Participant: 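Structure incoming, see below.
Fair warning: this is a prediction, and the values are worked out from it, not measured in the lab.
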Amino acid sequence: MRIPEQVLGDLWEGKTRGGDGQVFEIDLLADEPVTMSFMADRLRTPAPGMHGGEPGATGHVLLDGVPIDPRETVVAAPRSRLTLETPGGGGFALFAATGSR
């Protein structure tokens with residue numbers, strides 16, 4: 001396997017950034033209120049990076065654009081939009097720990 005020199009430079013410097021996560025938008029098509037709760041992690045503390053890599057992004061849960069605590073029971077109005085912004089993983093600087101390429 002060959003790693004491009006540009007990537008090696010980033011890895012060597014420990015500048016491998018963490019992930020951004022993904023965004024899911026869910027339109028609630030119900031005609032009546034929807035009660036929901038679920039467990040979510042990494043909303044306040046990001047996933048740490050390893051060997052000089054940067055931490056990932058924290059996650060967010062929004063109901064109609066307003067942040068909510070997903071661990072609390074929430075009643076969403078009909079036709080609401082639930083947005084899940086998943087947390088990103090921590091970055092990994094492959095060569096920073098060993099000091100060699």
Participant: Checking Thr86 now: which residues fulfil side chain to side chain contact (heavy atoms under 4.5 Å, CB included) with it, not counting sequence neighbours?
Facilitator: Gln22, Phe24

Participant: Take Arg79 and Asp31 through the side chain to side chain contact (heavy atoms under 4.5 Å, CB included) test and state the conclusion after the steps.
Facilitator: CA-CA 7 Å; Arg79 309 292 180 186; Asp31 292 326; 3.0 Å; yes

Participant: How long is the span from the CD1 atom in Ile26 to the OG atom in Ser80, to the nearest 0.5 Å?
Facilitator: 12.0 Å

Participant: In Å and rounded to the nearest 0.5 Å, what is the OG1 to CZ distance from Thr73 to Phe38?
Facilitator: 11.5 Å

Participant: For the pair Asp27 (side chain) and Leu29 (backbone), establish whether a donor and an acceptor sit closer than 3.5 Å, ignoring hydrogens and angles.
Facilitator: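 No, Asp27 side chain to Leu29 backbone: no donor-acceptor pair under 3.5 Å.
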
Participant: Heavy atoms, side chains only, cut-off 4.5 Å: are Leu63 and Val74 in contact?
Facilitator: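 Yes, close enough: below the 4.5 Å cut-off.
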
Participant: Are Val23 and Val61 connected, step by step, through hydrophobic side chains (Ile, Leu, Val, Met, Phe, Trp, Tyr) whose heavy atoms are closer than 4.5 Å?
Facilitator: no

Participant: So which atom in Pro70 and which in Ala40 form the shortest heavy-atom distance, rounded to 0.1 Å?
Facilitator: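 Heavy atoms of Pro70 and Ala40 come nearest at CG-CB, 3.7 Å.
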
Participant: Drop me the distance from Glu72's CD to Ser37's OG, to the nearest 0.5 angstrom.
Facilitator: 9.0 Å

Participant: Given Met36, which of Leu28, Ile68, Val75 fulfils the side-chain contact (heavy atoms from CB on, under 4.5 Å) condition?
Facilitator: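 Going through the options one by one, the only one that passes is Leu28.
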
Participant: Going through the distances and angles, do Arg81 and Asp64 end up as a salt bridge (charged side-chain N to carboxylate O under 4.0 Å, His left out)?
Facilitator: CA-CA 5 Å; Arg81 174 171 285 180; Asp64 292 327; over 6 Å; no

Participant: Show me, pair by pair, the donor-acceptor contacts under 3.5 angstrom made by side chains of residues 42-50, not counting sequence neighbours?
Facilitator:
| unit_1 | atom_1 | unit_2 | atom_2 | d |
| --- | --- | --- | --- | --- |
| Arg42 | NH1 | Pro46 | O | 3.4 |

